[in-house]
Novice: 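What follows is a single structure, and I will ask about it in a moment.
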Amino acid sequence: DVLRTSNEPCGRYFTQLFPTPLSVKLANTILKRLASEGKTVVSRWRCRYYLWLSGEPFADDARALTILRAMERMEWIAPLDQGKGKLFRVTAPFAPAAVNPYELALEAYHGCTLAFATAMEVHQLTDQRATAIHLLRPPGIQGYSLSQLRKQSDPPAEPILLQQLPAGTSPEAWQMNEIPRQIGIKSAAGREIVLHSVRDRFVFDFVEAEGFGTAVRVASRERTLVEGLRFPADCGGLNEVFRAWSGARDELNLDRVIDAAERFRTGILFQRVGFVLETLGFEHPRLEDWKRLHVQRGGSRVLDPGVPFASEFSATWGLSINHPIDLLEG
């Protein structure tokens, strides 16, 4: 008992070798949460979060590490090469054999959101699997609690704050607790992680969806389609983007598409989205406003930003149709 409660190194070492009954009990609590949420990865910060939820009064980083080490000795988790001791793979019998790459990326970059080609995968808008995982990375609110952020002279708007909290956590947990720092890793389960910096005003329309059996934060289906026309190279090319638009046609929330395009406030995007919607047969009152306010007559804007200007032209939308549109027309 003296060794277990000692602040000396020998006491800490003894505790790591022989976890206390309380450590075992808390480890069981953490394991149950991992099982109920279908987790394949757990970080030190998420362990601390689970301890907060369980009412543990001493849920600091050291206590979280003690619990994780106890779980490691019981072969419920194993350290990952990435993350320098802050990320662990779940190895308990209920866990899948492979790590979920989406989950791992968001566990490390917890304030980020899956986007572009990765969001297309999650929403089943494509059957392609990119070699990279794309994440939208806002300016960040790490190292502060929500109460501290709200007291700043120019705090981010509440919806922006809430969409940057660690994925899969409750806002109440961060009222007084500091939001942890992100864990810098370069890849997840063999897939490169590509970070796209976004300003606060572009933090919108993020949703929770299932990705390989685990809830993940991802750009909405409609935002993903709109951004496919904005950055087709990050979405597998315009052919794959057109295929996604065509496949999503019957489930499309048209108002949400219109809202996403207007929130980006990019002239060329109004033209591309409007052209694609009308080619697919959609009608909306806002499209007439777009033609009047955002179409440049006789301009040199193109449908595909990665291809030179072509002679075929949409006078209605002021666009050079420099890419085949058979997938939209079909």
Side-chain angles (χ1 to χ4, degrees), residues 16 19 23 26-54 56 59-114 118 122 131-138 140-143 164-170 173-174 177-195 208 211-218:
Q16 290 177 0
S23 295
L26 291 173
N28 273 286
T29 299
I30 302 302
L31 187 69
K32 288 177 182 177
R33 288 195 175 272
L34 294 174
S36 67
E37 296 177 18
K39 293 290 186 184
T40 66
V41 177
V42 62
S43 60
R44 199 184 302 182
W45 70 260
R46 189 174 292 277
C47 179
R48 194 164 71 248
Y49 169 73
Y50 286 152
L51 291 173
W52 292 337
L53 294 185
S54 68
E56 169 60 23
D60 57 10
D61 196 62
R63 173 57 63 89
L65 184 57
T66 297
I67 303 305
L68 289 168
R69 293 305 183 199
M71 295 176 71
E72 186 181 348
R73 286 190 296 280
M74 289 183 275
E75 299 185 350
W76 292 345
I77 61 172
L80 285 166
D81 293 336
Q82 308 104 310
K84 299 178 181 178
K86 296 179 181 179
L87 293 169
F88 298 80
R89 177 170 63 92
V90 181
T91 55
F94 68 81
V99 167
N100 183 329
Y102 306 147
E103 181 190 354
L104 175 53
L106 288 177
E107 195 75 6
Y109 295 99
H110 52 70
C112 296
T113 300
L114 300 173
T118 313
V122 173
T131 58
I133 292 179
H134 295 269
L135 294 174
L136 296 178
R137 190 181 197 182
I141 53 176
Q142 307 161 57
Q164 292 185 63
L165 293 177
T169 66
S170 167
W174 308 108
N177 295 305
E178 289 186 357
I179 297 160
R181 300 284 178 183
Q182 292 175 354
I183 305 167
I185 61 176
K186 294 183 178 180
S187 63
R191 297 174 65 176
E192 178 192 5
I193 292 177
V194 179
L195 299 170
E208 194 172 275
F212 284 154
T214 303
V216 294
R217 183 165 57 211
V218 60

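Remember, predicted model here, so these are calculated numbers, not experimental data.
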Novice: Just verifying a value: how many Å separate Leu106 CG and Tyr102 OH, rounded to the nearest 0.5 Å?
Specialist: 11.0 Å
Novice: So which pairs with a foot in residues 78-93 pass salt bridge (charged side-chain N to carboxylate O under 4.0 Å, His left out), sequence neighbours left out?
Specialist: none
Novice: Might you point out which heavy atoms bring Val90 and Ala95 nearest each other, and give the distance in Å?
Specialist: O-CB, 3.4 Å
Novice: Could you check whether any side-chain heavy atom of Trp52 comes within less than 4.5 Å of a side-chain heavy atom of Asn177, counting everything from C-beta outward?
Specialist: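 The answer is yes, as the side chains (C-beta and beyond) meet within the 4.5 Å cut-off.
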Novice: Could you give the distance from CZ (Arg181) to NE2 (His110), rounded to the nearest 0.5 Å?
Specialist: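 Here the rounded value is 9.5 Å.
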Novice: For a 4.5 angstrom cut-off between non-hydrogen side-chain atoms, does Arg137 reach Gln182?
Specialist: yes
Novice: Between the main-chain N or O of Gly38 and the side-chain N or O of Thr214, is there a donor-acceptor pair closer than 3.5 Å?
Specialist: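 Yes; at least one donor-acceptor contact below 3.5 Å.
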Novice: Is there a side-chain contact between Asn28 and Trp76 in this structure, where contact means two heavy atoms from C-beta onward sitting under 4.5 Å apart?
Specialist: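 When only atoms from C-beta onward are counted, Trp76 and Asn28 do touch, with a gap below 4.5 Å.
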Novice: Kindly give the heavy-atom pair with the smallest separation between Asn100 and Gly211, and that separation in Å.
Specialist: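 It is ND2-O, 2.7 Å.
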Novice: Under the side-chain hydrogen bond (donor to acceptor under 3.5 Å, both in side chains) rule, collect the residues that match up with Gln164, sequence neighbours excluded.
Specialist: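 Expected list: none.
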Novice: Run the side-chain hydrogen bond (donor to acceptor under 3.5 Å, both in side chains) test against Tyr109 and tell me which residues pass, sequence neighbours left out.
Specialist: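 Listed in chain order: nothing, the list is empty.
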Novice: Could you tell me which non-hydrogen atom of Gly83 sits nearest to which non-hydrogen atom of Ile183, and how far apart they are?
Specialist: CA-CG2, 3.6 Å
Novice: Taking the side chain as everything from C-beta on, heavy atoms only, tell me whether Val194 gets closer than 4.5 Å to Ile133.
Specialist: no
Novice: As an exercise, state the distance from CD1 of Ile67 to OH of Tyr50, rounded to the nearest 0.5 Å.
Specialist: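 Result: 14.5 Å between the selected atoms.
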Novice: Report yes if some heavy atom in the side chain of Ile185 is under 4.5 Å from a heavy atom in the side chain of Leu104; otherwise report no.
Specialist: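 In contact.
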Novice: Answer yes or no: is there a donor N or O on one side and an acceptor on the other, between the side chain of Thr40 and the main chain of Val99, under 3.5 Å?
Specialist: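 Such a contact is absent between Thr40 side chain and Val99 backbone.
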Novice: Where do Ala105 and Ile193 come nearest, in terms of heavy atoms and distance?
Specialist: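 Smallest heavy-atom distance, with atoms named: CB-CD1, 4.1 Å.
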Novice: I need the Leu68 CG to Ile30 CD1 distance, nearest 0.5 Å.
Specialist: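 Between atom CG of Leu68 and atom CD1 of Ile30 there are 7.5 Å.
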Novice: Salt bridge (charged side-chain N to carboxylate O under 4.0 Å, His left out): which pairs involve residues 26-44, sequence neighbours left out?
Specialist: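 As it turns out, the salt bridge (charged side-chain N to carboxylate O under 4.0 Å, His left out) pairs with a partner in residues 26-44, which skip direct neighbours, are Arg44-Asp61.
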Novice: I want to check something: taking the side chain as every heavy atom from C-beta on, are Tyr49 and Pro180 in contact at a cut-off of under 4.5 Å?
Specialist: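 Tyr49 does not reach Pro180 side chain to side chain.
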Novice: Going by the rule side-chain hydrogen bond (donor to acceptor under 3.5 Å, both in side chains), which residues pair with Glu56 if we only count those two or more places apart in sequence or in a different chain?
Specialist: Arg63
Novice: Nearest 0.5 Å please: distance from the CG atom of Leu87 over to the OG atom of Ser43.
Specialist: 6.0 Å
Novice: Step by step, would you call Leu165 with Ile141 a side chain to side chain contact (heavy atoms under 4.5 Å, CB included)?
Specialist: CA-CA 8 Å; Leu165 293 177; Ile141 53 176; 4.1 Å; yes
Novice: Does the pair Thr169 and Trp174 meet the rule for a side chain to side chain donor-acceptor pair (under 3.5 Å), with working shown?
Specialist: CA-CA 9 Å; Thr169 66; Trp174 308 108; 3.0 Å; yes
Novice: Holding to side-chain hydrogen bond (donor to acceptor under 3.5 Å, both in side chains), I want the full list of residues that pass it with Glu192, two or more places apart in sequence or in another chain.
Specialist: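 Glu192: no side-chain hydrogen bond (donor to acceptor under 3.5 Å, both in side chains) contacts found.
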Novice: What is the distance from atom CG of Leu135 to atom OG1 of Thr118, rounded to the nearest 0.5 Å?
Specialist: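 One gets 7.0 Å once the value is rounded to the nearest 0.5 Å.
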Novice: Measure across Trp45 and Pro166 and return the closest heavy-atom pair with its distance rounded to 0.1 Å.
Specialist: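 Shortest heavy-atom contact: CH2-CB, 3.4 Å.
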Novice: Looking only at heavy atoms, what is the nearest atom pair of Ala27 and Met71, with distance?
Specialist: CB-CG, 3.6 Å
